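One structure is given here, and the rest of the page talks about it.
Each chain gets a letter, A, B and so on, in the order its sequence line appears, and its residues count up from 1. The structure displayed is predicted, hence computed values, not measured ones.
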Number of protein chains: 2
Amino acid sequence: MKRNSRLSLALHTLGHMAREPDRVRTSADIADHAGTNPVVVRRVLGRLRKAGLLAAEKGHAGGWRLARSPQEITLADVYVALEESMVATPGNEAQPDCSVEHALHQKVASVLEDIERSLIEKLSATTIAEVR
Amino acid sequence: MKRNSRLSLALHTLGHMAREPDRVRTSADIADHAGTNPVVVRRVLGRLRKAGLLAAEKGHAGGWRLARSPQEITLADVYVALEESMVATPGNEAQPDCSVEHALHQKVASVLEDIERSLIEKLSATTIAEVR
DNA sequence: ACAATACGTAACTATTGAAGTTACTAGATT
DNA sequence: AATCTAGTAACTTCAATAGTTACGTATTGT
């Protein structure tokens, strides 16, 4: 895996789970299929668990499964659960000294907030059960 | 400067130029004000030059100036000139083996393309002369 | 003519963030 | 008790970007 593939990994895994909701999958199985590492899988899916999208069981016959029906999990749920803003506002300083920079930062940040909302709205139109 | 600050640097500089279009600025001046390096400034502004937004002159009294009126340069022009897609599609493989992954990739890519268009549209509503 | 100035660019280093890895703990099942 | 699985901390690897050094090219002032 390369860069910013957390969303990919999460969606990919949930996509499979949506097709076979009853099958419990181990981190190792998932990592194998996705070409990555069980620890990375746990890190990513752990966020989805905290967001209430997935449940995990330990021990024999343990593993990951959907915490609710795939029809009730939208792509936006996954995106938001990962807390990754794809449209992160550029630059570094929150409060730039320069007034010109400040004004531009405000303007761009406002546009990006709109866009982020719009992105989430679009993603919420599709559930993981629909895409296949 | 930290990360993905090219857009910040570009807008910041153009913002100042919009206020004093007649003043020619050297890379060193700009770098000083922005807290970065002349070479970095040239790299970033060079893209804007290639996009026809800026002009650069060498030699004594040389430096950077707007290639056209600040009222005719929108934030979208700058964004596009930098060829940075803030909403880059995640994941690595363009053609994933797995059909589930493929379907999800398609869906997400399509949403992100919409969002990218929408972002450019919003940015094109503001010129560098307006923000101050 | 020539020195000084400024952009253009290649090549390298430093820094940062994410992925990958190792190692260990805690809980569940056989 | 042994085994299997998630949870997590600590570390390493890798990639992308910013920063730096060095040098070339063009222009201008003396």
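For the pair Arg65(A) and Met17(A), the minimum side-chain heavy-atom distance is 4.5 Å or more. The side-chain heavy atoms of Pro38(B) and Arg42(B), taken from C-beta on, include a pair separated by under 4.5 Å. Residues Leu123(B) and Thr74(B) form no side-chain contact, since every pair of their non-hydrogen atoms from C-beta on lies 4.5 Å or further apart. Counting only heavy atoms from C-beta outward, the side chains of Arg19(A) and Pro70(A) never approach each other to under 4.5 Å.
Nucleotide dT5(D) holds its P atom 15 Å from the CG atom of Leu45(A), rounded to whole Å. Atom CD in Glu84(B) sits about 7 Å away from atom P in dA18(D), given to the nearest Å. Protein atom CG of Leu82(A) is 10 Å distant from nucleotide atom P of dA19(C), rounded to whole Å. Straight-line distance from the CZ atom of Arg65(B) to the C1' atom of dA6(C): 14 Å, rounded to whole Å. Rounded to an integer number of Å, the gap from CD1 of Ile30(B) to C1' of dT5(C) is 15 Å. When rounded to the nearest whole Å, the span between CZ of Arg47(A) and P of dG7(D) equals 14 Å.
Under 4.0 angstrom from either OP1 or OP2 of dA18(D) there lies at least one side-chain N or O belonging to Ser5(B). Side-chain N/O atoms of Thr36(A) include one lying less than 4.0 angstrom from OP1 or OP2 on dG20(C). Using a 4.0 Å cut-off, some side-chain N or O of Ser27(A) falls inside it from OP1 or OP2 of dA6(D).
Counting only residues at least two apart or on different chains, no ring pair (Phe, Tyr, Trp, His ring centres under 6.0 Å) pair has a member in residues 49-69 of chain B.
Minimum atom distance to the side chain of Trp64(B) is reached by dC7(C), of the listed dC7(C), dA6(D), dG19(D). Of all nucleotides listed (dG19(D), dG20(C), dA19(C)), dG19(D) comes nearest to the side chain of Val40(B).
Taking the screw axis at each terminus of the helix from dA1(C)-dT30(D) to dT30(C)-dA1(D) from five consecutive base pairs, the angle between the two is 0° to within rounding of 10 degrees.
Comment: Arg23(B) does not engage Asp29(B) in a salt bridge, judged by the lack of any side-chain N to carboxylate O separation of less than 4.0 angstrom. Using a cut-off of 4.0 Å between Lys/Arg side-chain N and Asp/Glu carboxylate O, Arg68(A) and Asp77(A) are scored as salt-bridged.
Ring to ring, His105(B) and His12(A) are not that close: their centroids are 6.0 angstrom or more apart.
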Would you tabulate the nitrogen or oxygen pairs shorter than 3.5 Å linking the protein to nucleotides 9-14 of chain C?
| residue | atom | partner | partner atom | Å |
| --- | --- | --- | --- | --- |
| dA11(C) | N6 | Arg43(B) | NH1 | 3.4 |

Report each atom pair, protein N/O against N/O of nucleotides 28-30 of chain C, whose distance is under 3.5 angstrom.
| residue | atom | partner | partner atom | Å |
| --- | --- | --- | --- | --- |
| dT29(C) | O2 | His60(A) | ND1 | 3.0 |

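Annotation: side-chain contact (heavy atoms from CB on, under 4.5 Å) contacts of Thr126(A) (sequence neighbours excluded): Leu75(A), Glu130(A), Val131(A), Lys107(B).
In this model, no donor atom of one side chain and acceptor atom of the other lie less than 3.5 Å apart for Glu101(A) and Ser8(B).
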Donor-acceptor pairs under 3.5 Å, side chain of residues 43-57 of chain A to any protein atom, not counting sequence neighbours: which ones?
| residue | atom | partner | partner atom | Å |
| --- | --- | --- | --- | --- |
| Arg47(A) | NH1 | Leu82(A) | O | 2.9 |

